[in-house]
**Q** 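Take a look at the following structure, please.
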Amino acid sequence: MKGVSGLNPRQKEAVLHEGGPLLILAGAGTGKTRTIAYRIARLVETGSPPESVLAVAFTNKSAGELRDRVRALLRKKKKAPLVTTFHSFCVRVLRQEIERLGYKRNFTIYDTTDQLSVVKEVAREVHVSGRDLDAKKVLWTISRAKNDGGAPDPGDGTDEYLLLASRLYPRYADALKAYNAVDFDDLLLLALRLFNTFPDVLRRWKERVRHILVDEFQDTNAVQYDLVRLLALPVGNITVVGDDDQSIYGWRGAAPGNIHSFAADWPRVKVITLDQNYRSTVGILEAANAVISKNAGRKPKKLWSNLGQGDPVRVVTCATGEDEAEAVIGRIVALLASRKCRAGECAVMFRTNAQSRLFEDVLRREKIRYVVIGGMRFYDRKEVRDLIAYLSFVFNERDEVSLLRVLNYPSRGIGRETVHRLQQESLSGGRPLTEVMRRAGSLEGIGSRQARGIADFLELIDQARSWFGPGRLSYGARRLAETVGLEDAAMRSVKDPEAGWRKAENIREVITALATFEQQEPQAGLGEYLAGVNLAGRDEEDSDSSSETVTLLTVHSAKGLEFPHVFLVGLEEDLFPHERSGADPGGMEEERRLAYVGMTRAGRTLTLTHAVGRTRWSKDMVCTPSRFLDELPEEGIEREDRRDGEEEVDLIEEDRIAEEYIKRIRARF
DNA sequence: GACGGAGGTCTTTTT
DNA sequence: GACCTCCGTC
C-alpha cells in the first residue's frame with residue numbers, strides 16, 4: 001500500500017483512526033471513496049485478516065468502484081476484503097443459513113417483473129384484476145412497508161390501496177415462500193430475521209466480521225442499519241461515511257436520519273468532516289452550492305476547492321428535446337474534435353431513463369460510441385427473460401413465475417384455460433404446480449392434447465436438468481435453447497426481420513455470458529449466475545465502458561461517479577423536478593438534492609440544458625424552465641439560446657409548439 | 001379452447 | 001412507445 005502522504009490531515013485522521021465507531025461526513029468530491037479505500041487497506045496491512053473486513057455500499061456501481069480502489073492499494077499481495085452491496089452480502093448469508101427459515105437453499109430472487117406477476121396472481125384469487133388493479137401501486141406499498149421492517153398497515157381502512165395491499169400481502173408472502181423465492185426486500189429482511197432469531201448464526205457472523213464500513217450511509221434504510229448495527233455490537237468497529245445533501249433514496253425508504261442519530265447510537269463516536277473538494281472548479285461548486293442552499297432544514301456547510309474558477313457553467317435553452325440532443329452531442333463532437341478530451345470523460349445525465357433515447361439517436365448518427373447505464377436493461381428484454389426463465393425453472397422447480405412464463409412459450413397448445421385449471425387444482429390441493437402437472441393426464445377438465453403438451457414439457461425439463469453442472473452452464477443453456485427453439489420463436493415474434501435477428505443475437509449473448517461466467521467462476525452453478533443476473537444485471541453493460549465511450553445515465557446511477565464534462569439535461573418543471581415528486585412531503589427537497597448530486601459530478605465543465613417544448617407520451621408539451629435554473633447564482637453563468645436563427649426544421653417545430661400552446665390556452669378558457 | 005391482431009392506457013428514481 | 005386487455009378467427 002502506498003503511504004498516506006497524499007492525503008490531507010483529516011483524511012489521514014480517518015484512515016488512521018484505531019478502532020471504535022467512526023462517522024465521516026464527506027461532501028461531494030472530498031475524496032470519500034479514496035479515504036475508505038485507504039482505511040480498508042490499512043486495516044488489512046496492520047494485521048486484520050482480509051476476510052474479517054466487510055465494506056458495504058448501496059449500489060453495485062459504488063461497491064465496484066470501492067472494490068477496484070482497494071484492490072489497487074493492496075495489489076495482489078493479500079486476499080481481498082469483502083466489498084459488496086447490502087443485497088449481495090445478504091445473499092451470501094442466506095445461501096448458507098436460509099434453511100433455518102424453512103426455505104430451500106436453491107431459492108430464486110424475484111425482480112420487479114416477477115413480483116408484479118405474483119401480485120396479479122394473488123389479486124385474482126380475491127377477484128381483483130384487470131383495470132381494477134394497479135399492481136405497481138400495490139407492490140410499491142408492500143415494498144415500502146417491508147423496507148420499514150414490517151407488513152403494510154391497513155390504516156383506518158379509508159385508503160383503498162392500503163387496504164388492498166394489506167389484504168394481499170399475506171397471500172403474496174405465502175406465494176413467494178411456496179415458490180421458494182425471495183424478493184429484493186426479503187434479502188435484507190430475512191437476513192435480519194436470521195440474526196435476530198438464531199443467536200448462534202449471529203455469533204458466527206460476528207466472529208467472522210470484525211470491521212464494518214458503510215458507504216453512502218445516508219441511503220441506508222431501517223433494516224440495513226439494523227443489520228450492520230447487530231453485527232457491530234458491542235465492540236463498535238463500525239465506520240460510516242455519508243453526506244445528507246446527497247440523500248436521494250427517500251422514496252425507497254432510506255432514512256437519512258440514520259446519519260444524525262448515529263452519534264446518539266454510538267456514544268464513543270469519532271466524527272470527522274471532509275470539506276475540501278478535489279473534483280470541481282470553483283465555478284461549478286458555487287453553482288451547486290447556490291442550488292442546494294435553497295433547501296430548508298439543512299445543516300449549513302460549504303465545500304471549497306482550490307482548482308480555480310474554471311469555465312463558466314453553461315445554461316442552454318433548446319427548442320425541443322431533439323434540439324437538446326443535437327446541442328449536447330454537437331458540443332461533445334466539438335470537444336472531441338479539438339482533442340480537448342476523450343469520449344469517456346463526457347457524461348449525459350437525465351432524470352428519467354426514457355430521456356436517453358433522443359441522445360442515443362444522435363450519437364448513433366454521429367458514430368460516437370456510447371453506453372447507457374440502467375434503462376431498458378439487457379436482462380429486461382423479452383427474449384432474454386424467456387431464456388433466463390427457463391434457466392430459473394430448471395434451477396428451482398418451485399419457481400412458479402418462471403414456469404408460467406415458459407410453459408406455453410414457444411406455443412405447446414397449453415392455453416389460459418388449461419393453466420387456470422392447473423392452478424386451481426394446485427391451490428385447492430395445496431400442492432406445487434409441478435406436482436399437479438405430473439398428474440395432468442388424469443385431471444378432469446384437461447383435454448388429451450393439452451395433457452400431451454404438459455407431459456412433453458415436463459419430460460424436456462427433467463432431461464434438461466442433467467445438461468447443467470459446474471463448468472457446463474453454457475452448454476446446458478445452448479442445448480435447452482436449441483431444443484425448445486427459442487431463437488426461432490424470437491425471430492417469428494416480430495415482423496421486422498432485422499429486429500428478429502437482433503433478438504436471436506441477444507439469446508446467443510446470454511449463452512456467451514454464461515460461458516464467460518463459467519471461466520471466471522469455475523466452481524459456480526446456475527444459482528450463482530442467476531443471483532448475479534438479478535442483483536448486478538446493470539453492471540453487465542458497464543463492461544463496455546471505456547475511455548472511448550460517452551456515458552448516458554440517470555442522476556441516480558451517477559451518484560458516486562465523476563466526469564470531467566457533465567451535461568445535465570431536461571431541466572424543466574415536471575420533468576426535473578419530476579411532477580410526481582410533489583406527492584410526498586420533502587419530495588421537492590429530494591429533487592433539489594438530486595440536482596445537486598448531478599451538478600457535483602462535474603470536474604471541469606458543467607452544461608445545464610432545457611427545452612421549451614418536448615414530446616412526451618407522443619404528445620407535444622410546452623415546458624417551463626426548471627426552478628433549479630432560477631436558483632443558480634447571477635454571476636459566472638453563460639447563457640445560450642438556440643431558438644434564434646435555427647434551421648428551418650426547428651422553426652417549423654417551434655411553430656407547432658406555439659400552436660399547441662395557443663390551443664391549450666384556449667381550452668382553458 | 002388457442003392464438004394473433006387491434007386498440008386503449010399509463011409512464012421516476014434502484015436493489 | 002411498451003404493456004395489457006379485449007375481440008375476432010381458426
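Proteins get letters first, then strands, A, B, ... in listed order; numbering begins at 1 in each. Just so you know, these numbers come straight off a predicted model, no measurement behind them. Note: hydrogens, waters and symmetry copies are ignored here, and every other heavy atom, side chains too, is used.
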**Q** Roughly how far apart are A:D183 CG and A:D114 CG, rounded to 0.5 Å?
**A**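 It is 10.0 Å, given to the nearest 0.5 Å.
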
**Q** A:F58 near the nucleic acid: base, sugar-phosphate alone, or nothing, with a heavy-atom cut-off under 4.0 Å?
**A**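 Touches sugar-phosphate only.
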
**Q** Could you tell me if the ring centre of A:Y225 sits under 6.0 Å from that of A:F217?
**A** yes

**Q** In chain order, what residues pass the salt bridge (charged side-chain N to carboxylate O under 4.0 Å, His left out) check against A:D488, with sequence neighbours excluded?
**A** none

**Q** Indicate whether OP1 or OP2 belonging to B:dT12 is found under 4.0 Å from a side-chain N or O atom of A:N353.
**A**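 So the side-chain polar atoms of A:N353 never come under 4.0 Å of the phosphate oxygens OP1 or OP2 of B:dT12.
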
**Q** In whole angstrom, give the distance that lies between atom CD of A:E572 and atom P of B:dT12.
**A**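 Distance check: A:E572 CD to B:dT12 P gives 17 Å.
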
**Q** Does B:dT15 have A:F86 stacked on its base, where the ring centres are within less than 5.5 Å and the planes differ by under 30°?
**A** no

**Q** Could you check how far CE of A:M588 sits from P of B:dT13, rounded to whole Å?
**A** 17 Å

**Q** I need the CG-C1' distance between A:L139 and B:dT14, as an integer number of Å.
**A**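 A:L139 atom CG is separated from B:dT14 atom C1' by 13 Å.
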
**Q** Could you tell me whether the phosphate oxygens of B:dT13, OP1 or OP2, come under 4.0 Å of any side-chain nitrogen or oxygen in A:S557?
**A**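 A:S557 to B:dT13 OP1/OP2: no side-chain N or O under 4.0 Å.
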
**Q** Under 4.0 Å, counting only non-hydrogen atoms across every strand here, what does A:Q450 touch: a base, just sugar-phosphate, or nothing?
**A** sugar-phosphate

**Q** On the side chain of A:R252, is there an atom forming a donor-acceptor pair with the base of B:dT15 - under 3.5 Å, no angle test?
**A**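 Answer yes: a donor N or O sits under 3.5 Å from an acceptor.
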
**Q** Once you round it to whole Å, what is the distance between C1' of B:dA2 and CZ of A:R449?
**A**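 Taking atom C1' of B:dA2 as the reference, CZ of A:R449 is at 9 Å.
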
**Q** What's the CZ-P distance between A:R593 and B:dT13, to the nearest Å?
**A** 18 Å

**Q** Check the side chains of A:N258 and A:T220 for a donor-acceptor pair under 3.5 angstrom, ignoring hydrogens and angles.
**A** yes

**Q** Looking only at side-chain atoms of A:T59, point me to the closest of B:dT13, B:dC3, B:dT15.
**A** B:dT15

**Q** Find the distance A:L116:CG to B:dT11:P and express it as a whole number of Å.
**A**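 Between P of B:dT11 and CG of A:L116: 12 Å.
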
**Q** Can a side chain N or O of A:K136 be found less than 4.0 Å away from OP1 or OP2 on B:dT12?
**A** no

**Q** Give the nucleotide from the list B:dT13, B:dC3, B:dA2 with an atom nearest to the side chain of A:S411.
**A** B:dC3

**Q** Quick one: on DNA chain B, does A:L594 or A:G413 contact a more 5' nucleotide (nearest heavy atom)?
**A**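 Of the two residues, A:G413 wins.
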
**Q** What is the distance, to the nearest angstrom, from the CD atom on A:E417 to the C1' atom on B:dC3?
**A**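 Rounded to whole Å, this separation is 14 Å.
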
**Q** Taking only residues two or more places apart in sequence or in another chain, which ones pass salt bridge (charged side-chain N to carboxylate O under 4.0 Å, His left out) with A:R439?
**A** none

**Q** NA contact type, A:T418, heavy-atom cut-off 4.0 Å: base, sugar-phosphate, or nothing?
**A** sugar-phosphate

**Q** Could you tell me whether A:N408 contacts a base, only the sugar-phosphate backbone, or nothing, with contacts defined as non-hydrogen atoms closer than 4.0 Å?
**A** sugar-phosphate

**Q** Could you work out which one of B:dT14, B:dT15, B:dT12 sits closest to the side chain of A:Y249?
**A**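 Nearest to the side chain of A:Y249 among the choices is B:dT14.
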
**Q** Which comes earlier along DNA chain B counting from the 5' end, the contact point of A:R412 or that of A:H578, where each point is its nearest nucleotide?
**A**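 Its nearest nucleotide being more 5', the pick is A:R412.
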
**Q** Just how far, in rounded Å, is C1' of B:dC10 from CD of A:E579?
**A** 11 Å

**Q** Can you find a side chain N or O atom of A:T554 that sits less than 4.0 Å from OP1 or OP2 on B:dT14?
**A**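 Answer yes for this pair, as a side-chain N or O of A:T554 is under 4.0 Å from OP1 or OP2.
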
**Q** Among B:dT14, B:dT15, B:dT12, which nucleotide sits nearest the side chain of A:T85?
**A** B:dT15

**Q** Less than 4.0 angstrom from a charged side-chain N to a carboxylate O is my criterion; do A:E360 and A:R357 meet it?
**A** no

